[in-house]
Amino acid sequence: MNDRYNPKSIESKWQAKWRDANLFVTQNNPDKPKFYYLDMFPYPSGALHVGHVRNYAIGDAIARYRVMNGYNVLHPMGWDAFGLPAENAAIKNHVHPAEWTERCIVQMHEQFDKLGIAFDWNREVTTCRPDYYKWTQWLFIQFFNAGLAERRTANVNWCPKDLTVLANEQVKDGRCDRCGTLVEQKPLTQWFFKTTAYAQRLLDDLDTLTDWPERVVKMQREWIGRSEGVNFRFKVKGSEDEIEVFTTRVDTVFGVTYMVIAPDHELATKLTDGTEWELPAREFRDHVARQKDEQRDRSVDIPKEGIFTGAYCINPMNGEDVPIWLGNYVLSDYGSGAVMAVPAHDERDFEFAKKYDLPIKVVVHPPASISFKRLSAVNAAPVESEWRSLNGTSLNEIGVSVAYTDKYEGSLVNSGEFDGLNPTEAREKIADFMEQNGIGERAVNFKLRDWCLSRQRYWGCPIPVVYREDGSIETVPEDQLPVMHPTDIKFTGKGGNPLAQSESFINTVDSEGRPARRETDTMDTFVDSSWYFLRYCSPDFAEGAFRRDQVDRWMPIDQYVGGVEHATMHLIYARFFTKVLFDLGLVGIQEPFPRLFTQGMVTMLAKGVGENGEDKVMKMSKSKGNVVALDDAVERFGADATRMMTLFMGPAAQDAEWTPQSEDTFAGQFRFLERVWRTAMTVKFNPQWREQIGASGTDADRALRRRTHQTIEKVGSDIERFQMNTAISALMQHLNTIQEWQSKPDGDPNAGSEAIESLLLVLSPFAPHLCDELGEQLGFTKSFYEMTWPSFDPQIAKEEEIVIPVQVNGKLRARLSVATDMSREALEALALASEEVGPHLEGKTPKKVIIVPGRMVNIVV
RNA sequence: GCGGGUAUGGCGAAAUGGCAGACGCGCCAGUCUUAGGAACUGGUUUCUGGGGGUUCGAGUCCCUCUACCCGCACCA
């Protein structure tokens, strides 16, 4: 028998055994409940680091725990395998993206095996393989047929380096989140999924996601950004044109003193063309476009700027002439791209009006009781009396430096028949009036935009569409799917999308045999990851994207785990997909992930990556050079210790920083496993302990059994609550107790056997290799993965005697060792009689004695 | 600016409103010898970012301030 703990040999031994026995194949026992545990699948970058280990060690502990508790567990893994890195590698190393990707997958798969994660590899899903993307294309066609995929021209984020369009979500601080290049705006014809059609449902159903982290729900709610208001139109003076505006503050409509439209609003050129304002307007538009690019970069406020168009429109409520301006603070893609400006009651309009000396007309009076504080919230505050004296006069004249923006308190003035109403009532009354008189109508607006899924890239899922000679669109017939990538491509990194340069790819025929051109855009990889969780249910199904009966069996996912960085992208897209598929009758659920956990990332100091070349603590990543490679970690301490280390670093939901001191902690985990090894090897193990164990025994025996049963309970409940760090600390305490027990004479070997067997059982989800090896040494013939999680006996777990603190006026004065269930009265008597307490009573009678049985005594004098 | 989070020994961190610092790391002293990535024994001394409040009792609940982190950021 080898008496040293040697992780290298036992880990490879057990990994082979598990593989040969097909141990991790998903069970389908009809008598057992199902549990679908899913980690967000990774991009196959080729190398795992300890940051990855943490994610998958959490999942593996939970999956193994569930298996041992009698569930059919679906715990799959796959690859989000389309994407830019493969294409960049193709350009750099002249290797085909498919080949490069497959190579990375092999490497990463090997690393997962090295960690001993219990994935069912029979269900591996790879989004870049034809058997997967055939169905991504098929799903696209279903969306298209349902009217949920459409082509239109839009200003999009364009990365001049990657030569591709980016979704808003892929732009971070104005830069491409892949390569860091400054993003530009560029008009292109693009494919969109109509996510906006589902905005309301995506918002409403957030209420059902009670087991999501609250902050993720909040982020989605904000991202969807619903607001209620009124749409109505201003006629352009001397023209048939109208400008539509959306406002949430229709109560302030009598305070409109100018109109601002986005510089790229369709009327901007129309109003100014052929006038003296034409050139300035064009220059302004270009200026703002450049400004927008730069602004995203700095992510700071840029000053408001505008220019008069020379045109006027008419306020439909009071017939007043309203000058039309172009402004850099109006977004063309929200609402109708035009804003009715009410400077007296909107900070942005106020700032603009002050700058260009536009009139400011007060239409809401603050209430008499308004607090000074609210007014002073912005800039130097006007005093209350100043506001009340403003009736009808221009704020400019008085020099008040703030807009009154409260939308609930106050009363309307200068608003005709609506004078005197408070803003809330006025919003309703004026909206009613507008609807009754055909001026406008109530409307809801969302910040959520349609999902631009086009990418001008080779290594993505081809969009299965052809353009006929007459320019009309048809989808590729199902029997011709998948549309595969052409192979006659040279990856040069120049000239945009390689697909668009392949004649063999572009030239095709339509369904009637006439010449046609293929769509050359490929899909955003978020499309691939919006349904992979369904594919896992029947990964080899050749007749469809998924088997309905299998989806019904496994979905929804019982526990979904991933990084919080996906809060507003992947998680919204996947929810959108699921709802569409529900509406198409393809799945029976509306929410794919009722339970979500966002684990913290492992961070580490990265050298010289800050804006000014300073060091910065950030998420471990290959590109920043701040990684502890999996191979190094496993080489030094083994997979089991590496897994335990990443779990022990801190609470799973919190980020954990890897520092030089972490190396010592790491060694500590190894030492713990070594002690487990030594202890298991030296204990006298009796396989029949269950039958022979007695109720009595020495104090040490009873203390050991107590600890054993406490540990079983603690570790189980900690795993269920993602408290892996405290579960491991409970395991350590258990081991300490066993060693203490071993150091004393006359211990009952049955108590020791129970303790060691239980320890290995509950340690096995964390350190499966070590446990299986020790199990074998102790004579077990099965892997712990196949055994049942031990049950605990509350009677045995219960403390026999506890120490009760006695306080006098809240100060600790004595400790009493008493029986666990000592009564209130007995406790009081004992406490008052205690020697240590007496002097502190100073002979006085206690006013009050607070007793929490089993907890503490507090005497109030 | 708006929203959210965090703040506890030398370090990572524990603590249903009830003995703060479990567990681990580091450090100090000692024991031992198959000198190892040793192991074992003992020690590491009022302390929960600041101020106020509720309570018999607050790390925990409430208010407020400070620092750091994250998300959103002209959404009319």
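Just the heavy atoms: all of them, side chains too, but no hydrogens, waters or symmetry mates, feed the values below. Throughout, protein chains are lettered first and strands after them, A, B, ... in sequence-line order, and every chain is numbered starting at 1.
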Take atom C1' in B/rA7 and the same atom in B/rA14, then report the distance between them in whole Å.
16 Å

Interatomic distance at C1', B/rU48 relative to B/rG4, whole Å:
23 Å

Scan A/Lys218 against the nucleic acid and name what it touches under 4.0 Å (heavy atoms): base, sugar-phosphate only, or nothing.
sugar-phosphate

Considering every strand and a 4.0 Å limit on heavy-atom distances, what is the contact class for A/Arg675: base, sugar-phosphate, or nothing?
sugar-phosphate

Checking B/rC40, B/rA13, B/rG18 against the side chain of A/Pro651 (C-beta onward), the nearest is B/rA13

Of B/rU16, B/rC56, B/rA15, the nucleotide closest to the side chain of A/Arg855 is B/rU16

Distance check, P atoms only: B/rC32 and B/rC19, in whole angstrom units.
41 Å

Among B/rC40, B/rG18, B/rG24, which nucleotide sits nearest the side chain of A/Gln807?
B/rG18

Side chain of A/Phe648 only, please: which of B/rC25, B/rC23, B/rA15 is the nearest?
B/rC23

Rounding to an integer number of angstrom, what distance separates B/rC11 and B/rG49 when you compare their P atoms?
13 Å

What integer distance in Å separates A/Met601:CE from B/rU6:C1'?
14 Å

Scan A/Asn445 against the nucleic acid and name what it touches under 4.0 Å (heavy atoms): base, sugar-phosphate only, or nothing.
nothing

Any A/Arg678 side-chain N or O less than 4.0 Å from OP1/OP2 of B/rG36
no

Of all heavy-atom pairs linking A/Ile360 and A/Ala353, the shortest is CG1-CB, 4.0 Å

Between A/Thr682 and A/Gln742, is any pair of side-chain heavy atoms under 4.5 Å apart?
yes

Classify the nucleic acid contact of A/Val849 as base, sugar-phosphate or nothing, counting any heavy atom under 4.0 Å across all strands shown.
nothing

Expressed in whole Å, how much space separates the C1' atoms belonging to B/rC61 and B/rC69?
25 Å

Is A/Glu228 salt-bridged to A/Arg442, going by a charged N under 4.0 Å from an acidic O?
no

Under 4.0 angstrom, heavy atoms only, what part of the nucleic acid is A/Ser227 near: base, sugar-phosphate, or nothing?
sugar-phosphate

What's the gap between B/rA76 and B/rU16 when it is taken at their P atoms, as a whole Å value?
42 Å

Give a yes or no on whether a salt bridge exists between A/Glu351 and A/Lys355, defined as a side-chain N under 4.0 angstrom from a carboxylate O.
no

With hydrogens left out and only the distance checked, is there a donor-acceptor pair under 3.5 Å joining A/Asn858's side chain and the base of B/rC56?
yes

Anti/syn call for B/rG49, syn if |chi| within 90°:
anti

Let me spell it out: for each of A/Glu222 and A/Phe246, pick the nucleotide of RNA chain B with the closest heavy atom. Which residue's pick is nearer the 5' end?
A/Glu222

Select one nucleotide: of B/rA76, B/rG24, B/rG26, the one nearest the side-chain heavy atoms of A/Asp664.
B/rG26

Taken to the nearest whole Å, CD1/A/Ile850 to P/B/rU55 is 12 Å

Quick one: side chains of residues 646-656 of chain A, donor-acceptor pairs under 3.5 Å with protein atoms, not counting sequence neighbours, listed by atom name and distance.
{"unit_1": "A/Thr646", "atom_1": "OG1", "unit_2": "A/Arg643", "atom_2": "O", "d": "2.9"}
{"unit_1": "A/Asp655", "atom_1": "OD1", "unit_2": "A/Met601", "atom_2": "N", "d": "2.9"}

Please measure how far the C1' atom in B/rC28 lies from the corresponding atom in B/rG10, and state the result in whole Å.
13 Å

Starting at CG of A/Asn725 and ending at P of B/rC23, how long is that distance when rounded to a whole Å?
14 Å

Would you call A/Asp264 and A/Arg285 a salt bridge, taking side-chain N to carboxylate O under 4.0 Å as the test?
no

I need the residues from residues 726-736 of chain A with at least one non-hydrogen atom less than 4.0 Å from RNA chain B; give them sorted by number, or say none.
A/Thr726, A/Ser729, A/Met732, A/Gln733, A/Asn736

Note: A/Glu222-A/Lys447 ion pair, threshold 4.0 Å (strictly below):
no

OP1 or OP2 of B/rA76 versus the side-chain N and O atoms of A/Tyr334: is any pair under 4.0 Å?
yes

Does the ring center of A/Phe246 lie less than 6.0 Å from the ring center of A/Phe232?
no

State whether A/Arg233 and A/Glu441 are salt-bridged, where the test is any N-O pair (Lys NZ or Arg NE/NH1/NH2 against Asp/Glu carboxylate O) under 4.0 Å.
yes

How would you label the contact of A/Phe666 with the nucleic acid (heavy atoms, under 4.0 Å): base, sugar-phosphate, or nothing?
nothing

Within the 4.0 Å heavy-atom criterion, would you say A/Val803 contacts the bases, only the backbone, or no part of the nucleic acid?
base

Span that lies between the P atom of B/rG59 and that of B/rG9, in whole angstrom
14 Å

Which nucleotide, B/rG18, B/rG4, B/rC72, lies nearest any side-chain atom of A/Met856?
B/rG18

